[in-house]
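Notes to accompany the following structure.
Sequential numbering from 1 along the given sequence is applied to the chain's residues.
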Amino acid sequence: MGMAKPSSVERRIARLQRSADPCERAGGYALAACRRDPLSEGSLYIRLHSLPPVHRQALEALWGIEDPWRLVRRLRRFFGV
């Protein structure tokens, strides 16, 4: 029995975490923190507002988005929710 292949989201998160760019690395770790919860629109909204400030700032810097609703929409697109 082989191990399951990582999903495309997991591969993108891992690639960000290995990036030479510190902003991308921090964003990758913030996305991994969001991934721990069951994913729905509501859970992403709640998770975004309960993230440590450094993770939220990393996501804002990664995508150049400061508006919380736009950030939730971007997270939904990233995770395919």
>> Quick one, Leu75 with Leu31, criterion side chain to side chain contact (heavy atoms under 4.5 Å, CB included). Give me CA distance, side-chain angles, the key distance, then yes/no.
In response: CA-CA 8 Å; Leu75 284 169; Leu31 288 166; 3.6 Å; yes
> Which distance, rounded to the nearest 0.5 Å, do you find between the CG of Leu62 and the CD of Glu60?
Replying inline: 11.0 Å
> What salt bridge (Lys or Arg N to Asp or Glu O under 4.0 Å) pairs are there with at least one residue in residues 62-81, not counting sequence neighbours?
Replying inline: Glu41-Arg76
For residues 21-30, dump all side-chain donor-acceptor pairs below 3.5 Å to protein atoms at least two apart in sequence or in another chain.
| residue | atom | partner | partner atom | Å |
| --- | --- | --- | --- | --- |
| Asp21 | OD1 | Cys23 | N | 3.0 |
| Glu24 | OE1 | Ser19 | OG | 2.7 |
| Arg25 | NH1 | Ser19 | O | 2.8 |
| Arg25 | NH1 | Ala20 | O | 3.2 |

>> Could you measure the distance from the NE2 atom of His49 to the CG atom of Leu71? Nearest 0.5 Å is fine.
In response: 8.5 Å
> Listed by chain and number, what are the side chain to side chain contact (heavy atoms under 4.5 Å, CB included) partners of Leu51, not counting sequence neighbours?
Replying inline: Ala33, Cys34, Arg47, Leu48, His55, Leu59
> Does the side chain of Leu44 come within less than 4.5 Å of Phe78's, by heavy atoms?
Replying inline: no
>> Holding to ring-ring contact (aromatic ring centres under 6.0 Å, His included), I want the full list of residues that pass it with Phe79, two or more places apart in sequence or in another chain.
In response: none
